[in-house]
Number of protein chains: 2
Amino acid sequence: MAQKDGADDGTPRLGQQLCFAVYQASHAFNRAYRPILAALGLTYPQYLVMLALWEDDGPTVKALGEKLMLDSGTLTPLLKRLEGAGLIRRERDPQDERQVRIRLTDKGEAMRAQGQGVQEAIGCALGATAPGAEPLREQLERVRDALLASSRDE
Amino acid sequence: MAQKDGADDGTPRLGQQLCFAVYQASHAFNRAYRPILAALGLTYPQYLVMLALWEDDGPTVKALGEKLMLDSGTLTPLLKRLEGAGLIRRERDPQDERQVRIRLTDKGEAMRAQGQGVQEAIGCALGATAPGAEPLREQLERVRDALLASSRDE
DNA sequence: GCTATTTAGATTGTGTGCAATTAGATTGTC
DNA sequence: GACAATCTAATTGCACACAATCTAAATAGC
């Protein structure tokens with residue numbers, strides 16, 4: 001019984017798998033971010049786009065997609081919602097009209113300060129005795145344990 | 001400036017955050033599982049449900065939702081698709097007709113053997129030189145680094 | 001100059017995920 | 001028994017996420 005995720009009958013065990021732990025941790029993060037970002041009117045992927053733009057304004061959709069590992073089918077509607085919210089502009093590159101460049105509006109730039117507050121809020125949610133933080137901490141422990149276990153038998 | 005994810009100007013950096021690493025790793029796992037599970041006609045959450053049923057057949061929707069941390073709004077359509085595929089049955093509990101019990105059909109039970117193959121395939125994809133495995137391994141390393149970094153300054 | 005290929009985004013269809021609401025059943029109290 | 005409070009699942013609406021496909025623009029090859 002030195003196996004890490006095989007039950008005695010050979011059926012894979014649910015709770016001990018790295019992928020499941022990561023999957024759950026991702027949801028737990030999302031749930032932790034959601035109420036904080038709701039105050040800004042953003043979802044987590046939208047917040048990631050804003051972070052990327054605060055770091056480097058004016059990328060093409062393709063560059064943004066590579067940074068965030070998202071394809072145009074996901075980004076196009078997401079960016080249109082951000083444009084609808086007045087946070088970004090989408091403008092065709094005159095040099096190469098296949099490309100669409102994404103730029104922050106003044107409103108989007110002004111949100112940068114609030115974005116820093118989000119990081120602090122999440123830090124608090126992770127570290128302290130915030131309500132609802134326990135599931136996230138638990139999931140992260142599971143991820144760590146599964147990562148350590150998986151790196152042991154490689 | 002011993003801070004772990006604050007850039008010099010205070011804007012949070014994208015690449016160094018635990019939440020982003022977990023988010024990316026979750027997608028990377030999904031991409032790794034997708035082609036393998038496609039052979040069974042399952043998505044990853046559907047596979048999780050099958051795993052849960054192979055471990056314990058006949059739970060209510062609520063029990064299943066607690067195990068997988070999903071609510072009925074997610075599970076109900078997912079379970080209907082599994083029912084449409086002939087892998088499970090959904091039947092009202094005669095004792096308490098509010099509850100719906102989920103049971104494997106013979107076809108669903110017969111898939112158990114193939115489910116074990118999935119675990120092995122993912123193990124290979126993680127460990128070896130499988131095509132497309134590198135992004136997943138990279139992401140997991142990032143998660144590990146971020147986890148270690150975050151546990152250092154607590 | 002002109003067609004063929006490549007590239008960048010947009011579109012469409014399927015499948016999660018979750019908040020909010022609804023419908024029906026059960027339990028507790030009178 | 002009647003009835004309100006509670007509980008469970010289903011339903012609805014919105015927002016990702018990705019595969020497959022389409023359109024338009026740019027480039028390569030002739």
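These numbers were taken from a predicted model, which means no experiment stands behind them. Lettering of chains follows the sequences in order, A, B, ..., and the numbering in each one begins at 1.
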Would you please confirm or rule out a distance under 4.0 Å between OP1 or OP2 of [N] and any side-chain N or O of [X]?
| X | N | answer |
| --- | --- | --- |
| A/R90 | C/dA10 | yes |
| A/R34 | C/dC18 | no |
| A/T43 | D/dA15 | no |
| A/S72 | C/dG9 | no |
| B/K80 | D/dA9 | no |
| A/T60 | C/dA8 | no |
| B/Q99 | D/dC7 | no |
| A/Y23 | C/dG17 | yes |
| A/R81 | D/dC16 | yes |

[X] [atom1] - [N] [atom2] separation (whole Å):
| X | N | atom1 | atom2 | answer |
| --- | --- | --- | --- | --- |
| A/F29 | C/dC18 | CZ | C1' | 19 Å |
| B/L48 | C/dT16 | CG | C1' | 12 Å |
| B/L79 | C/dG15 | CG | C1' | 13 Å |
| B/L78 | D/dA9 | CG | P | 16 Å |
| B/L37 | C/dT14 | CG | C1' | 16 Å |
| A/Y44 | D/dC16 | OH | P | 13 Å |
| B/H27 | D/dA17 | NE2 | P | 4 Å |
| A/Q24 | C/dC18 | CD | P | 9 Å |

* Asked: Under 4.0 Å between a Lys/Arg side-chain N and an Asp/Glu carboxylate O for B/R137 and B/E141?
  -> no
* **Carboxylate-amine/guanidinium proximity below 4.0 Å for B/E109 and B/R112** =>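 Here B/E109 pairs with B/R112 in a salt bridge, since their nearest N and O are under 4.0 Å apart.
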So [X], base contact, sugar-phosphate only, or nothing? Heavy-atom distance under 4.0 Å.
| X | value |
| --- | --- |
| B/R101 | nothing |
| A/N30 | nothing |
| A/L75 | nothing |
| B/T74 | base |

* Select from A/D71 and A/D96 the residue whose nearest nucleotide in DNA chain D is closer to the 5' end of that strand. => A/D71
* Asked: DNA chain D: A/P45 or B/V61, which has the more 5' nearest nucleotide?
  ->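 Between the two, 5'-proximity favours B/V61.
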* So, do B/F29 and B/Y44 have ring centers that fall under 6.0 Å from each other? -> no
* Structure fact -> Closest to the side chain of B/E97, out of D/dA25, C/dA25, D/dC18, is C/dA25
* Asked: Out of D/dC16, D/dT8, D/dT11, which nucleotide sits closest to the side chain of A/Q46?
  -> D/dC16
* **B/N30/B/T43 under side-chain contact (heavy atoms from CB on, under 4.5 Å): CA gap, chis, key distance, verdict** => CA-CA 9 Å; B/N30 207 334; B/T43 65; over 6 Å; no
* Taking the six-membered ring for Trp, are A/Y33 and A/Y47 parallel (under 30°), tilted (30 to 60°) or perpendicular (over 60°)? ->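 Judged by the thresholds at 30° and 60°, the geometry between A/Y33 and A/Y47 is tilted.
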* Of all heavy-atom pairs between B/R98 and B/R92, which one has the smallest distance, and what is that distance? ->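 Where B/R98 meets B/R92 most closely, the heavy atoms are O-NH1, 3.2 Å.
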